[in-house]
Protein chains: 2
Amino acid sequence: MPRKKSSPPPEAAAAWRLMFEVLMSSGHRRTASLVRRGLTPNDARALWTLDVDDGRPIGDLAREWGCDPSNATFIVGRLEKSGFARRASHADDKRVKLVFLTKSGAAVRDELRDEYHEPPDEIRALTRKDLATLARILAKVGK
Amino acid sequence: MPRKKSSPPPEAAAAWRLMFEVLMSSGHRRTASLVRRGLTPNDARALWTLDVDDGRPIGDLAREWGCDPSNATFIVGRLEKSGFARRASHADDKRVKLVFLTKSGAAVRDELRDEYHEPPDEIRALTRKDLATLARILAKVGK
DNA sequence: TATTGTTATACTCTATAACTATA
DNA sequence: TATAGTTATAGAGTATAACAATA
């Protein structure tokens, strides 16, 4: 039978809650980055998903994005019209269309990522010592 | 003339980038929390914005949500139909409708917040000592 | 006259179902 | 016959413009 996960140690709960608050309060900056470029959240997600060298079938993208393939067609079409993605037929199976990021798409993705990575003022206000400690610990995450 | 902000110390950039990655990789959990309850992202934003005791005019909400008042009307109407919000006329200015969170709305907001606050596995995997250090430093943010 | 919220309308995004072309 | 992607269609969410009630 499905069971709930045991409660985390209080240290984990406290640390995560604080991280979460900071991350949420910086959400409007990310929204602004998109609005400034006339990009939708869908566009952004696609820019993060797609790759310049590895093309991906529409069906794969639909599954990853949790949407219907017909909608993935729409989203990719929008991106293609903006010049940020391109379609190419698969060599072995001509039913499949592979979707690639264009150079222009990679450029805007990089710009976006750079803006997302700019630390908010409230983080910059910490001491360099605290920031270094933070980075040292967080570097262990997912390792 | 408008100028770009000076670059942050490398410690800030590193710490923030790592925090940001964790936030992004935990986004699907929050999406799942909403889907499980049949809530839209709009619903969630409204649940965070509204209050049981302090009613807010539609126009205020529209400004905070960055949308048109006609859309705020739509969003609040949806929430009202779900029983999570209620409208009441302002006593002094009968043009104004104040929007309040209902008890039921507060309950689902609290559930949601509790789920959001459950630390992801990759955070729980850190040592209690590291987590305590993390919490100690992050508690200074925004102070 | 000006302001608040709603309604009328049109446009975008989304899913379902039907279709085309390959396999 | 089955599968990948598209197109046709309809429903949800959004903004603009017109409107009603109140100030």
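Reminder, nothing fancy here: chain letters follow the sequence lines and each chain counts from 1. Worth saying up front: this structure is predicted, and the values here are computed from it rather than measured.
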Output the rounded distance in Å from [atom1] ([X]) to [atom2] ([N]).
| X | N | atom1 | atom2 | value |
| --- | --- | --- | --- | --- |
| A/Arg63 | D/dG5 | CZ | P | 9 Å |
| A/Ile58 | D/dT7 | CD1 | P | 11 Å |
| B/Ile75 | D/dG13 | CD1 | C1' | 8 Å |
| A/His90 | D/dT3 | NE2 | P | 17 Å |
| A/Asp60 | D/dG5 | CG | P | 8 Å |
| B/Glu80 | C/dG5 | CD | P | 14 Å |

- Query: A/Leu112 and A/Leu39: side chain to side chain contact (heavy atoms under 4.5 Å, CB included), yes or no, with the steps?
  - Reply: CA-CA 10 Å; A/Leu112 225 40; A/Leu39 296 172; 4.0 Å; yes
- Going 5' to 3' along nucleotides 7-12 of chain C, which nucleotides have protein heavy atoms under 4.0 Å from the base (write B), which only from the sugar-phosphate (write S), and which from neither (write -)? B-----
- Starting at CD1 of A/Ile75, measure out to CG of A/Leu61 and round the result to the nearest 0.5 Å. 9.0 Å
- Closest non-hydrogen atom pair, A/Leu50 against A/Arg109: O-NH1, 4.3 Å
- Task: Search all heavy atoms of B/Gly77 against all heavy atoms of B/Arg87 and return the closest pair with its distance.
- Result: CA-NH1, 3.7 Å
- Could you check whether the rings of A/His117 and B/Phe20 sit parallel, tilted or perpendicular, using 30° and 60° as the cut-offs? perpendicular
- Query: Cut-off 3.5 Å, side chains only: do B/Asn42 and B/Thr40 have a donor facing an acceptor?
  - Reply: no
Would you tabulate the pairs of protein nitrogen or oxygen atoms and nucleotide nitrogen or oxygen atoms of nucleotides 18-23 of chain D closer than 3.5 angstrom?
residue	atom	partner	partner atom	Å
D/dA23	OP1	B/Lys94	N	3.0

- Query: Would B/Arg30 and B/Ser26 satisfy side chain to side chain donor-acceptor pair (under 3.5 Å), going step by step from the backbone distance to the final call?
  - Reply: CA-CA 7 Å; B/Arg30 289 183 287 279; B/Ser26 61; 3.1 Å; yes
- A/Lys94 atom NZ, neighbour heavy-atom count above 12 within 6.0 Å: no
- Query: Within the pair B/Asn71 and D/dT16, is there a side-chain N or O less than 4.0 Å away from OP1 or OP2?
  - Reply: no
- Item | N/O (side chain, A/Lys97) to phosphate O (OP1/OP2, D/dT6) under 4.0 Å | yes
- In terms of side-chain geometry, is the basic nitrogen of A/Arg36 or A/Glu111 positioned less than 4.0 Å from the acidic oxygen of its partner? no
